[in-house]
Amino acid sequence: MKNRNRANGKTKAIIALAIVLVLTVALGVIGVTGIKLDSRGVRTFGPWLPTTNADSWPQLIELGLDLRGGVYVEYSAKAPEGSDADFETLLQGTMSVIQNRLTDAGYAESTVQKIGTDGIRVEIPTATEGAQDEVAARNAVLNLIGETAKLEFRDASGNVIMDGSMVQTAVGGYDSDSADYVISFTLTSEGTKIFAEATASMIGQTLAIYLDDTQLIAPTVQSAITEGRGVITGMGSIERAQTIAAQIQSGALPMELTQQKVDTVSATLGPDALSSSVLAAIIGILIVMVIMIVRYRLNGVVASWALCIYIILLFMLIAAIPGIQLTLPGLAGIVLGIGMAVDANVIIFERFNEEIRAGRALRQAVRAGFRNALSAIVDANVTTLIASLVLLVYGTGSIQGFAKTLLLSVIVSMFTAVVVTRFLMKGIVNLGVQNVNLFCSVKARKEEQ
């Protein structure tokens, strides 16, 4: 009966390890080369590992400005004189307007982010080559951002009733009376008179609000608004209410932007920097794998396998999660995460070897080794997670890029160390391997005894 159970366990282990191996190889090949499904041999699913091949589709990993090339501009923001509106609300609204303009102009991959307390940084990857093209792209972007936001209220016929200069405040929130998310707004004295006359004659009709000729919302006038205060209902969510309120506010009170810095990053920097960084990472990973195999023998093979799975999972998540751009600091975060993953495996294998040298059977050594190593792995990774979260919250620009990839790297390394490595080690042991020399030096065992 025992022999039959062992045979069944060995068969299950072989099947499980074979499935994992096939998936590892298949996903690795897909990540590097993509899949060719079209009958003409055209690649229809591009690589999600870093690449500068513009012909592959889709480019699932978004490259940052330092790798792709483009234009970046930094502004300092100042509230208009006499404005009593919240500065942060104005800043967020201005950033939203800039982002919408860039998207409408075809710069869908541009990023607009806050720097410091009153700064705005705009990055527009253009990937244009040649000095003239870069200057043209920079001038086009500066002209686009420099325009003043134009907010208009229009009737059903498209006639402009009033502009955004007559809006004083706009705030998104929740109305407990109507149990709905709303936008509350106030008007200037001039706007109050105009709006009162317009809404009195438009009851039951739509009153559309446009920002830069793009319709934000078209609510129906329920009653005449004569006191300069109104509420727009039916927002559906607090996020939508706050976003539209910020856009209305920014259109009414555009911030004064002072250009502090503008520069172009050559598109030729991206391929060179990316290829050299990837090559350096590959060489480093291969060296680490060789050292692990020499030092930990069969467990070193397991660690190398788990490391490959870690890299595949990490880049798949970077490709799948929106908002993550791969930058040079981001690559540094990935390499640091690889080091954390290797460190976790080292702790596990040392604990495992200690149990083997103490005379435990292989299965018992695997269980005890992971149990004894878990607390050290968690402690080391939690401190790194806290540091990456602090950098993510308080950092800007490339620091945030580093923090995002480091945070993701640590999470994936913990998963591969605790789950994947354990699965692989148990699978190897279930194959019936009994020679402890494949895991631990016999000489070391004798010295310990």
Side-chain angles (χ1 to χ4, degrees), residues 13-33 47-50 277-318 331-356 362 365-366 369-370 373-374 376-377 380-381 405-406 408-433 435-441 444:
I14 292 174
I15 295 174
L17 292 175
I19 292 174
V20 175
L21 179 61
V22 170
L23 288 176
T24 303
V25 174
L27 291 176
V29 172
I30 292 173
V32 175
T33 64
W48 39 258
L49 287 179
S277 300
V278 171
L279 178 60
I282 292 175
I283 293 174
I285 292 171
L286 291 177
I287 293 175
V288 169
M289 287 181 175
V290 171
I291 294 175
M292 292 290 288
I293 293 173
V294 171
R295 175 67 179 85
Y296 295 105
R297 305 185 181 186
L298 192 55
N299 280 340
V301 176
V302 171
S304 301
W305 190 353
L307 188 59
C308 292
I309 295 176
Y310 160 82
I311 295 172
I312 291 171
L313 289 177
L314 178 61
F315 279 103
M316 286 182 67
L317 290 175
I318 291 176
L331 287 173
I334 292 174
V335 173
L336 181 57
I338 292 174
M340 300 275 304
V342 173
D343 180 63
N345 282 319
V346 168
I347 296 175
I348 293 171
F349 297 153
E350 288 296 337
R351 297 293 182 269
F352 171 84
N353 288 349
E354 289 176 359
E355 299 299 326
I356 290 293
L362 288 176
V366 171
F370 273 91
L374 185 60
I377 294 173
N381 284 276
T405 54
L406 178 60
L408 197 59
S409 298
V410 173
I411 294 174
V412 176
S413 70
M414 288 184 64
F415 170 78
T416 54
V418 176
V419 177
V420 176
T421 301
R422 183 172 185 174
F423 174 82
L424 295 177
M425 288 184 69
K426 289 178 65 176
I428 295 296
V429 172
N430 289 335
L431 289 178
V433 178
N435 187 356
V436 294
N437 287 318
L438 297 175
F439 299 93
C440 178
S441 171

Ignoring hydrogens, what is the shortest heavy-atom contact between Asn381 and Ser413? Give both atom names and the distance.
OD1-OG, 3.5 Å
If you apply the rule side-chain contact (heavy atoms from CB on, under 4.5 Å), what do you find for Ile338 with Val288, and how did you get there?
CA-CA 10 Å; Ile338 292 174; Val288 169; over 6 Å; no
Distance-minimising heavy-atom pair for Ala380 and Met340
O-CE, 3.9 Å
pair Val301-Ile428: side-chain heavy atoms closer than 4.5 Å
no
Please report the shortest heavy-atom distance between Ile347 and Ala373, naming the atom on each side.
CG2-CB, 3.6 Å
Once rounded to the nearest 0.5 Å, what's the spacing between atom CE of Met414 and atom CG of Leu374?
7.5 Å
Could you state the interatomic distance from OG1 (Thr416) to CG (Leu314), rounded to the nearest 0.5 Å?
9.5 Å
Mind checking the CG-CG spacing from Leu27 to Leu313? Nearest 0.5 Å is all I need.
8.0 Å
Do the non-hydrogen side-chain atoms of Asn345 and Asn299 ever get within less than 4.5 Å of each other?
no
Atom pair CZ (Arg351) and CD1 (Ile348), whose distance is rounded to the nearest 0.5 Å
10.5 Å
So, taking the atom named OG in Ser409 and the one named CG in Leu336, what distance separates them when rounded to the nearest 0.5 Å?
8.0 Å
Just so I know, are the side chains of Ile334 and Ile318 near enough to count as touching, which here means a heavy-atom distance under 4.5 Å?
yes
Which side-chain N or O atoms in residues 302-309 pair as donor and acceptor under 3.5 Å with protein atoms at least two apart or in another chain?
from: Ser304; atom 1: OG; to: Gly300; atom 2: O; distance (Å): 3.0
from: Trp305; atom 1: NE1; to: Thr24; atom 2: OG1; distance (Å): 3.3

Ile291 meets the side chain to side chain contact (heavy atoms under 4.5 Å, CB included) criterion, sequence neighbours left out, with Ile287
Spacing of CZ belonging to Phe349 relative to CZ belonging to Phe370, to within rounding of 0.5 Å:
7.0 Å
Identify the heavy atoms of Val366 and Phe352 that sit nearest to each other, and give their distance.
CG2-CE1, 3.6 Å
For the residue pair Ala16 and Phe423, what are the closest heavy atoms and their distance?
CB-CZ, 3.7 Å
Shortest non-hydrogen contact from Ala344 toward Ile377:
O-CD1, 3.9 Å
